[in-house]
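Presented below is the structure to which this report refers.
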Amino acid sequence: MKLQDNQDLQLSNQLISSLMEEIPHVQSFKGKWALIRTKLGDLPTHLKDLSDFPNFSSNPLSLELVRSISQTLTDALSLARNCRHANLSAGKLRTQSDIDAIAAKLHQHIQDCDLLLRSGVLQDGVPVSSVTVSSKRETIRVEARNLITRLQIGNPESKSAAMDSLLGLLQEDDKNVLIAVAQGVVPVLVRLLDSSCLDMKEKAVSAISRVSMVDSIKHVLVAEGVLLLNHLLRVLESGSGFAKEKACISLQALTFSKENAIAIGSRGGISSLLEICHAGTPGSQAVAAGVLRNLARFPEIRQNFIEENAVSVLIGLSSSGTAMAQEKSIGCLGNLVSADDQTLKLLVAREGGIECLKNYWDAAPSVQSLEDAVGLLTKMASSRPIAEALVSEGFIPRLVAVLSCGVSGVRIAAARAVYELGFCNKKKKELGESGCIPPLVKMLEAKAVEEKEAAAKALSWLMLYVGNTRVFRKDERGILNTVQLLDPSIINLDKRYPISILASIVQSNRYRKLMVAAGASAYLQKLTEMEIDGAKKLLESIGRGKLWGVFART
């Protein structure tokens, strides 16, 4: 141990002894001094435990703590001597306040000693810049543990510097975030959100937002529960534009659970988020709309959106915000109208939702960014009056164009929209003539079962118009692919859709033969045994075709 370090430790122990001797002679506030004397009894043991570590003298945290303890003890000794007399020179109230402050500081020092002992930083050696360790991962672990401890011990300036270093560490890569979380950074950051220092609070929000961007550890934030949500919602109400944006990033990771969504709705969070969408910075508008999109999935808080006039705000943002803000606000509208609430869908249409959707669609930066837009179209089209308006606004050719795009999610959404728009024979005819059947047939070959089913459902609906069956039959792959969907081993696919498609063309001898050659009879026999609707009737239709073929030959 260095000489100066040894002197600081000796001074602290001497001051403890002097104060223990002085306290029995005080005349004022004897009860409070008795409590302080009890706290002093624990302090020498903690100091001894700290000094037992070989690296105690080279660790800045331990040295700063011992010096801080010495200063508190010096102030306490001076105050105790003043309390020897009944006539207090500083006055009774001021002296009482000073004694309480000393007691609080001593309590904090004891907690800091305990924290420093438990943290393990005194086992990590000298400061991280000169530590020799076996791997970069170990270096980061040591540094993260050191910074987390510094965030909890020391003066505000030291804590602020530690936070700056932590933010730099977290920004380097996701692995650093994983290491810091494993070392326990999240509960410390959550406590710092309650800091009286605005700068520290905003830095803590920034650090939490960085943690929220790593999918594999979002559950650690979720585990902090309502406490974290409340802090973030307060930031939305009164934080800076920067802090609000970071809080929204964090909330995006926390709003996938119904419990959190309900908590946010009940605490006025939707109002705060809509205010950001209306008047926030471009960056904060986009992430606030993302949070609202998550929240709108839950019917339990949909009424909150209606009461806060959310539709008007979201349509405004989807018309004038950044590309990302527009996409997320349209996604939020899509989630809002997913229920069978025709009134809400008509409200969106009256507020200019169809025109807004068309403008966004035509100016979308990429096909992938259209998934939410096509989803909104699908849900709006379930209302027949709105579907009529969508067709008249030219959405059928727009759908046909994206049915062949390279993004599976967009193709699936488009196929579902085709199903909704084909609500009458006239619209089925228009869809068939627009060229949507060939891309839907190709979708039957997709890898994803969800895409196969979406295409089969749309085709089964379109095939109810006789003219569309002629288009379907032009490509024999459509029949073969549809038969393959009958295979019972393909699970999570409603077999009624391929059955309906095949039933629409089963009267043709040629296509019956194609079905049989592709294995339809065997599949349908199994589906009949499984009591799938329409399987028995289609199997019988194929069988009658074979029988008539035998009679014809005789």
Side-chain angles (χ1 to χ4, degrees), residues 1-20 36 39-79 101-133 138-169 180 183-185 188-189 191-192 195 197 199-200 203:
M1 184 181 293
K2 298 177 184 177
L3 179 60
Q4 182 60 48
D5 304 329
N6 190 33
Q7 289 175 346
D8 289 335
L9 192 60
Q10 287 180 351
L11 175 60
S12 293
N13 285 319
Q14 289 171 2
L15 288 168
I16 291 172
S17 298
S18 299
L19 192 54
M20 294 286 275
I36 289 176
K39 294 181 184 296
L40 289 174
D42 297 329
L43 201 51
T45 302
H46 284 83
L47 291 173
K48 174 65 168 57
D49 290 341
L50 289 175
S51 64
D52 284 343
F53 284 93
N55 299 314
F56 165 77
S57 62
S58 59
N59 187 285
L61 281 175
S62 60
L63 301 181
E64 180 182 338
L65 178 56
V66 171
R67 289 166 189 159
S68 181
I69 290 173
S70 295
Q71 183 59 55
T72 300
L73 291 171
T74 299
D75 295 342
L77 184 59
S78 175
L79 188 60
I102 290 292
K105 286 182 180 180
L106 287 172
H107 179 72
Q108 187 61 54
H109 290 326
I110 292 171
Q111 285 191 324
D112 289 349
C113 287
D114 187 55
L115 173 63
L116 194 56
L117 290 166
R118 288 186 289 105
S119 69
V121 298
L122 294 177
Q123 297 173 326
D124 291 330
V126 294
V128 175
S129 59
S130 57
V131 170
T132 301
V133 289
E138 180 63 13
T139 303
I140 299 300
R141 185 190 65 79
V142 170
E143 182 176 3
R145 188 158 64 180
N146 183 59
L147 291 173
I148 293 168
T149 305
R150 285 174 57 194
L151 286 174
Q152 302 171 81
I153 297 176
N155 56 51
E157 293 77 14
S158 173
K159 291 180 179 180
S160 181
M163 180 62 83
D164 289 337
S165 298
L166 177 66
L167 285 170
L169 185 73
Q183 294 301 313
V185 73
V188 175
L189 292 174
R191 287 196 293 273
L192 289 173
S195 172
C197 174
D199 184 58
M200 178 61 77
K203 288 176 180 178

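It should be emphasised that the depicted structure is a prediction, and the values quoted were computed from it without experimental measurement. Count residues from 1 along the sequence.
- Proximity of a side-chain donor or acceptor of Ser18 to a complementary backbone N or O of Gln14 within less than 3.5 Å is detected.
- Looking only at side-chain heavy atoms (C-beta outward), Gln108 and Thr72 stay at 4.5 Å or farther from each other.
- Counting only distance, with no hydrogens or angles, the side chain of Ser78 and the backbone of Thr74 share no donor-acceptor pair below 3.5 Å.
- A donor-acceptor contact under 3.5 angstrom links the side chains of Lys203 and Ser160, judged on distance only.
- Here the side chains of Pro156 and Met200 are not in contact, with every heavy-atom distance at 4.5 Å or above.
- Contact between Ala180 and Ala144 at its shortest, heavy atoms only, is CA-CB, 4.1 Å.
- Counting all heavy atoms, side chain and backbone alike, Ser12 lies closest to Val66 at OG-O, 3.6 Å.
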*What's the verdict on side chain to side chain contact (heavy atoms under 4.5 Å, CB included) for Cys113 and Ile69, showing C-alpha distance, side-chain angles and the deciding distance?*
CA-CA 10 Å; Cys113 287; Ile69 290 173; 4.0 Å; yes
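- One finds the CG atom of Asp42 at 11.0 Å from the CG atom of Leu47 (value rounded to the nearest 0.5 Å).
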*asked:* For Leu19 and Leu15: C-alpha separation, side-chain torsions, deciding distance, then whether side chain to side chain contact (heavy atoms under 4.5 Å, CB included) applies.
replied: CA-CA 6 Å; Leu19 192 54; Leu15 288 168; over 6 Å; no
*asked:* Is there a salt bridge (charged side-chain N to carboxylate O under 4.0 Å, His left out) between Glu138 and Arg141? Walk through the geometry before answering.
replied: CA-CA 5 Å; Glu138 180 63 13; Arg141 185 190 65 79; 2.2 Å; yes
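- With rounding to the nearest 0.5 angstrom, the CG atom of Leu166 is 6.0 Å from the CG atom of Leu147.
- The nearest pair of heavy atoms linking Thr149 to Arg145 is OG1-O, 2.8 Å.
- A side-chain donor-acceptor contact under 3.5 Å links Gln152 to the backbone of Ile148.
- Between Leu73 and the choices Asn13, Leu11, Leu40, the side-chain contact (heavy atoms from CB on, under 4.5 Å) rule is met once, by Leu40.
- To the nearest 0.5 Å, atoms CD (Glu143) and CZ (Arg150) are separated by 9.0 Å.
- Closest approach of Lys39 and Leu106 over heavy atoms only: CD-CB, 4.4 Å.
- Atoms CG and NE2, from Asp112 and His46 in turn, are 10.5 Å apart once rounded to the nearest 0.5 Å.
- The structure places NZ of Lys159 at 10.5 Å from SG of Cys197, a figure rounded to the nearest 0.5 Å.
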